[in-house]
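Counting from 1, the numbers follow the sequence of the chain as shown.
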Amino acid sequence: MIGQAVDRVDGPLKATGQAPYAYEHWEAGQPLYGFIVGATIGKGRITGIDTESVASAPGVRLVMTHLNAPAQGPRDESVTFEYWRAQPVLTGPDIHYYGEPVALVVAETLEQARAAAGVVEVEYSAGRGRFDFAKYEDQVYIPKVVNAGLPTDTEVGDFAAGFDSAEVKVDQRYTTPYELSLPIEPNACLAEPRGEDLIVHVSCQIVDAAQASVASTLRMAPERVHIVAPFVGGGFGSKLGIHSETILAALAARTLRRPVKIAMTRQQVFQLVGMRPISSQRVRLGAERDGRLTAIAHDVTMHTNPDVEYAEQTAATTRSLYAAPHRLTSHRLTALDLPRGTDVRAPGEAPGLLAVESAMDELADALGMDPVELRIRNEPTVDPERNVPYSDRHLVECLREGARRFGWENRPATPASVREGRWLVGYGMSAAIRGHFQGPTTVRVRLEADGTAVVHTDMTDIGTGTYTILTQVAADGLGLPLERVRIELGRSDLPSSWGSGGSWGATNSCTATHRACAALREKLLEAACGDPRSPLHGLDPADAVFSDGGVDIGDASETLSGIVTRSRPEGVEALGQVRFMGDDPNYTDYSINTYGAHFAEVGVDADTAEIRLRRMLSVFSVGRVFNPKTTRSQLIGGMIWGVGAALEEEAVVDPRSGAFVNRDFAGYLVPVHADIPDIDAVVLDGYDDKANPLGAKGVGEVGICGAGASVANAVFNATGVRVRDFPITIEKVLPGLPLLEA
């Protein structure tokens, strides 16, 4: 069943509205509703807060502020990963960023809670905040490590000497804006007190992290906190950790001894959840006349919050992509009084490749060389910084296959040379790379007496198809039809995992399921081959074949339900596990990544500079594919994100207050159907035996990696205008458009 284009097993539930999301659970009966009051300054201190009139408003049951909020556990820096740490709220009068929660109003109805929240009176003493990245960009510090524990800086050879001696040079600065994940389902939570326990229905990506974070914040024993998240309406990194709505709902529920639910408004999501940091990236490329790189440097400066450091690994993408003897990468942080940076889809690779792949296009233009050929000429034989072999690298095949399918030979050799009526037409391309990660995951597979298999893990399905691919892997591992497999996910009473995120969710959970099924087969064969009552008694288990709900050894066969009913009528189960990648020698001995090549065609209106994507094709190498349907869906979704990063997405900060001025979908633009006319993703056949026993690697984020650069490079090819300040908008292109005769 692995590799089959199976329809989503949870599709009927979602299509009929029966899949319960965090805000939609009613087992506890009628809840109370909470609404968050956010600070209206970006830096300063609360000097007074009047809640008396609000407390007596219709339906209001609680007004919580820093003056009456229960004591909470502090953020513990000794906890390795941020998402497992306590996340206290309403802990004091100090304001750290615009929109920070200053009060929670709980009422009988949502309308009552929102109305009452609107009249909470807060007085502030405003401080002098740092909100303007450009103003403070030169005031930087060096983080100890960057995201994923990667080194902050790297250096190989002598970059300065290599760059100085290069025959052709590119030295440019690229900027990327604040961006947000913004899944369809906003951050939401329903907290239900049940005796000494707390049931938390929450939209989260990592159940284990949510449980640890809630427990440590509320100073509860972890086993008293029960996380429930069977369905999550998208995450893209924004739900790897929990946020203020979860802690506030939990505090209010325990205080009132009633279920309390809170959902952020879309505007609140902009201020309270975190964003991709703004970045300024200097890329330097030195090459010989034949296009071979001699030196490559990637230096990144980005914002961080003064209290919660986050350093996106933006320059790390450059470390494994191209060969060059002299190399340099660095990350620097500028502290601003803004919400913390956080993981947004393909953190590091997405903004980093936008810059590096634009610079490679600039180098190709300076050399007068085909951009595809330039990349092929700089294909490394080993990882150029780690000096270890690649586990399975097919970037050149992606480039060549993409060029063939796209018709790259028709690319205009001279920018701004092709016009179709009003439209200037251009082609662009880029390469993609993303590291493959592995985290500790446990899966339990249980075979019932009726021959039904049940897969248990707290892994989440954030809309990517986890229920489906786990069904396929378990069915394949036990020789069962799909309808005889049931998947139970997203509860803290199930074996723990690293959840969904970082493109590790599918491979972690599927590998653990695969191993659990192998262990379960051994138990079943031991029971059957050692039992004189079984037709398989005395036969060699090495010859066993599991299929159609039974097991065959030669001409003898027995159903799985028969084996279980006779030997273990209560059911038989086994565990499968995946280790942290730091404990797996393959991740030390090999450079394990996914790859791709993007090709885009755009039209640019010669009079107005309106940019339209006309078509886009990408080819990927991601190892073995679990399900072509769900894989393609994720890849084209990532590609569309890349289009948005190139042309539309930009969260704008008011430099006076630190507020996002475009905090809704009317002002923060993302691609819609009309923006994406013709797009396709092709996956090469593959199997990476160093990644895991299934040979599969993550697909959730490689689609966005580099995708935006192909669009940006197509805009240059169409117009001759190079925009390095993303996103590329009309006002940035229009002044440079060539004057054309009608």
Result for side chain to side chain donor-acceptor pair (under 3.5 Å) between Q281 and one of R173, Q172, H298 points to H298
Checklist entry - Ion pair present between E362 and R724, side-chain N to carboxylate O less than 4.0 angstrom? => result yes
- Under 4.5 Å between any side-chain heavy atoms of R332 and D153, yes or no? yes
Residues V273 and T342: closest non-hydrogen pair is O-CG2, 4.0 Å
Worked verdict on Y141 versus E309 for side chain to side chain contact (heavy atoms under 4.5 Å, CB included)
CA-CA 11 Å; Y141 72 92; E309 181 178 283; 2.6 Å; yes
OG1 of T317 to CG of N593, rounded to nearest 0.5 Å, is 9.0 Å
Next item on the list: Please check if the side chain of Q268 supplies one atom and the backbone of I36 the other of a donor-acceptor pair under 3.5 Å.
Entry: yes
Item to check | W84 and D76: side chain donor to acceptor below 3.5 Å | outcome: no
Legend entry - S213 side chain vs A210 backbone, donor-acceptor pair below 3.5 Å: no
Note to self: Could you tell me if R345 sits above the aromatic ring of F236, with its cationic atom closer than 6.0 Å to the ring centre and no more than 45 degrees from the axis?
What the structure shows: no
### Task
Say whether, by atom type as modelled, one donor and one acceptor occur between the side chain of H598 and the main chain of C705 under 3.5 angstrom.
yes
### Derivation of the side chain to side chain contact (heavy atoms under 4.5 Å, CB included) call for V122 and T40
CA-CA 9 Å; V122 185; T40 55; over 6 Å; no
Looking at N713 and F716, would you say the former's side chain and the latter's main chain have a donor-acceptor pair under 3.5 Å? no
**Prompt:** Hey, does M581 have a side-chain heavy atom less than 4.5 Å from the side chain of W504?
**Reply:** no
Discussion item. Any heavy-atom pair between the side chains of T301 and T334 that's under 4.5 Å?
Written reply: yes
Query raised in the report: With a 4.5 Å limit on heavy-atom distance, are the side chains of F133 and T175 in contact?
Result: no
Scanning both residues in full, the closest heavy-atom pair of G698 with H436 reads N-ND1, 3.4 Å
Quick one: does K239's side chain have a donor or acceptor within less than 3.5 Å of a partner on G234's backbone?
yes
Counting C-beta onward and ignoring hydrogens, is there a side-chain heavy-atom pair between H326 and F163 closer than 4.5 Å?
no
CD1 (I206) and CG (D458) are apart, to the nearest 0.5 Å, by 9.5 Å
Exercise. Side chain of S125, backbone of T47: donor and acceptor closer than 3.5 Å?
Worked result: no
When you compare the side chains of T329 and T154, does any donor N or O come within less than 3.5 Å of an acceptor on the partner?
yes
Rounding to 0.5 Å, atoms OG1 (T460) and CD1 (I227) come to a distance of 12.0 Å
| query | Salt-bridged, D171 to K169, with N to O below 4.0 Å? | reply | no
Heavy-atom closest pair (K43 atom, D337 atom, distance to 0.1 Å) is NZ-OD1, 3.7 Å
d(Q267 CD, F660 CZ) to nearest 0.5 Å is 13.5 Å
Q. With a 3.5 Å cut-off and no angle check, do the side chains of S503 and E701 form a donor-acceptor pair?
A. yes
Discussion item. Does R340 form a salt bridge (Lys or Arg N to Asp or Glu O under 4.0 Å) with D307? I'd like the steps, not just the answer.
Written reply: CA-CA 8 Å; R340 68 178 297 260; D307 303 303; over 6 Å; no
E185 side-chain N/O to G233 backbone N/O, donor-acceptor pair under 3.5 Å:
yes
With a 4.5 Å heavy-atom cut-off, do S238 and L180 have their side chains touching?
-> no
- prompt: If you draw a 6.0 Å radius around CZ in R75, do more than 12 non-hydrogen atoms from other residues or ligands fall strictly inside?
  reply: yes
All heavy atoms of A113 vs all of G34, minimum pair found to be CB-C, 4.4 Å
* Could you tell me whether a side-chain N or O of E357 sits under 3.5 Å from a main-chain N or O of S710, the two making a donor and an acceptor? => no
- Task: May I ask you to test the P177-P727 pair for a side-chain heavy-atom distance under 4.5 Å?
- Result: yes
### Query
Under a 4.5 Å cut-off applied to non-hydrogen side-chain atoms, are T65 and L90 in contact?
no
Between the CG atom in L328 and the CZ atom in R319, the distance rounded to the nearest 0.5 Å is 10.0 Å
Scanning both residues in full, the closest heavy-atom pair of S430 with A709 reads CB-CB, 3.9 Å
Heavy-atom donor-acceptor pair, S500 side chain to Q205 backbone, under 3.5 Å:
no
Is there a donor-acceptor contact under 3.5 Å linking the side chains of D383 and S591? yes
Heavy-atom closest pair (D132 atom, L336 atom, distance to 0.1 Å) is O-CD2, 4.2 Å
Side chain to side chain contact (heavy atoms under 4.5 Å, CB included) with H303: of R130, M275, E137, only one passes, and it is M275
Please check: side-chain N/O of E649 versus main-chain N/O of Y668, any donor-acceptor pairing under 3.5 Å? no
Separation between NE2 (H243) and CG (N187), nearest 0.5 Å, reads 5.0 Å
